[in-house]
Amino acid sequence: MMAGLEELRARDFIQQCTNIDGLEKLLESDTVSFYCGFDPTGPSLHVGHLVPLFAMAHLNRAGHRPIALVGGGTALIGDPSGKTEMRKMQTKEQIASNAQSIKNQIAKFIDFDGGSAIMVDNYEWLGGLNYIDFLRDIGRHFSVNRMLSFETYKMRLETGLSFIEFNYQLLQSYDFLTLYQREGCRLQVGGDDQWGNIVSGADLTRRIEGVEVYGLTFPLVARSDGKKMGKTEKGSLFLDPGLTPPYEFFQYWRNVADPDVEKFLKLYTFLPLEQIKELSGLKDSEINRAKEVLAYELTAIVHGKETAEKAREAAAAAFSSAAGSTDAIPSIEIPRSEIEAGIQVLDLFSRTNLCSSRSEARRLVVQGGASVNDKKVEEVEAVIDAGWVEDGVITLKAGKKRFFQIRVV
RNA sequence: GGGGAGAUUCCCGAGUGGUCAAAGGGGGCAGACUGUAAAUCUGUUGGCUACGCCUUCGAAGGUUCAAAUCCUUCUCUCCCCA
């Protein structure tokens, strides 16, 4: 029933481990409770959180028990790991509301209903912490000399590190200890930027409880062009459909670089490895099929099958003039009367997400990148009227692949 | 607490009285080439009622015909000493 690390290993999830052989044995012999923390510093998880989410799901499927920890307490402080600047402080209300939405997103990867998986918020034990007690019981186990030797802090020593951030590691370590005590949690997983914090937590638990607990990190995925995952010109790619429309989410994956396809299929889908091998072996333009599968599978997990279908259909219709509904393409509504009166192309484009100002729209037209219903706009002064409406819709295109629809109502 | 340096357009970073909407690089966007890929080349990159006007160079005042550039105060950051 129980399975070890083979799935994670086969899919290249493993970056570092405190004791890989020990962990493997433990996982094979028993149901292991493990945890992963998520910071509720934003209203939604983003693509960067996907690797830990998938990893948790794989471990869950292998028969282990996930504990999703929402850092309602630690978020009040901010983790300095991997950051060059201090995070903005957030109010408790903001964090509480973020925590709630994040819980719903994690639930897409882990089954909280049927299984034994649980969700906890560290505010529960950090919120009322007594400073003196904490220093006496926990603080004495930490050596500043050792902490300063961590890469995370070295970097921040260059730019400045506040004491409150320096404390973050103690709190996260305390989380691990607490979860061991309360839930018998033996493993903490996370992105590789969490390595220092995870090791500290394992050390602390060993010192106080005299047991070995484990830490495991996953690679921080970068795209083959060196850019950060999921960063678009508009910011992060979020899992919340309100922040990143599913169509846009789908398109992001549909457009990944060739060399990334195999890696992403392994990390970001549940497809069997044989199928992944087959898909990523496709050559030249054929590999586009693999990208479609990647985009569809992942969108289906995050947004549901139906939504994924729509996104796929809309993309196919827009790009290859295949028949199909284009409902999923981003759109706005404009009253019929306004269209009948005629709208300047520049105004039309700047009212959509395609352009943020008339100047930008003008530039687009001048450079030959604007089209309406697939006809290139030649004139900056052009006016769009009711004659352009097809089936209640006008389709705008900026560049080669950014589509937008005007729905006439 | 004492001394020093600095805050420039999305980012890095020039500019120290008019020739500055502000060099250069990065990023973004567009065009060519393609496979809705990568690489490469080219153009472009504050706004507008657009060959002119308006708003920008940490904040607020001031000097001047004229300031991102000079003066005053303030806020923040970094460095050195204690």
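Quick note on labels: first sequence line is chain A, next is B, and so on, each numbered from 1.
- Ser33(A) and Arg65(A) share a donor-acceptor pair across their side chains, judged by distance under 3.5 Å alone.
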Contact pattern, 5' to 3', of nucleotides 45-56 of chain B - B, S or - by protein heavy atom under 4.0 Å: S-SBSB------

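- Checking U49(B) for Watson-Crick or G-U wobble geometry (two distances, each under 3.5 Å) identifies no partner in any strand.
- With A37(B), U44(B), U36(B) as the candidates, the nucleotide lying closest to the side chain of Ala315(A) is U36(B).
- Residues from residues 368-385 of chain A placing a heavy atom under 4.0 Å of any atom in RNA chain B, listed by number, are Gly368(A), Gly369(A).
- Using modelled atom types, one side-chain atom of Asn255(A) and one backbone atom of Gln251(A) make a donor-acceptor pair closer than 3.5 Å.
- Listed by first and then second residue, the side chain to side chain donor-acceptor pair (under 3.5 Å) pairs that reach into residues 128-150 of chain A are Arg146(A)-Asp203(A), sequence neighbours excluded.
- Of all the residues in residues 288-299 of chain A, Asn288(A), Lys291(A) reach under 4.0 Å from RNA chain B with at least one non-hydrogen atom.
- Comparing Ala398(A) and Lys401(A) by the nucleotide of RNA chain B that holds the closest heavy atom to each, the one mapping nearer the 5' end is Ala398(A).
- Here U34(B) is the nucleotide among C29(B), U34(B), A37(B) with the atom lying nearest to any side-chain atom of Lys400(A).
- For C51(B), the O4'-C1' to base torsion is within 90° of 0; the nucleotide is therefore syn.
- The salt bridge (Lys or Arg N to Asp or Glu O under 4.0 Å) search around Arg312(A) returns Glu309(A), not counting sequence neighbours.
- Shown here, U40(B) forms a base pair with A32(B); the pair counts as Watson-Crick or G-U wobble because both key distances fall under 3.5 Å.
- Sorted by first and then second residue, the pairs that involve residues 173-182 of chain A and meet side chain to side chain donor-acceptor pair (under 3.5 Å), not counting sequence neighbours, are Asn122(A)-Asp175(A), Glu124(A)-Arg182(A), Trp125(A)-Asp175(A), Gln181(A)-Glu209(A).
- When the C1' atom is used for both U45(B) and G26(B), the distance is 13 Å, rounded to whole Å.
- When Watson-Crick and G-U wobble pairs are counted only if both distances are under 3.5 Å, C76(B) pairs with G6(B).
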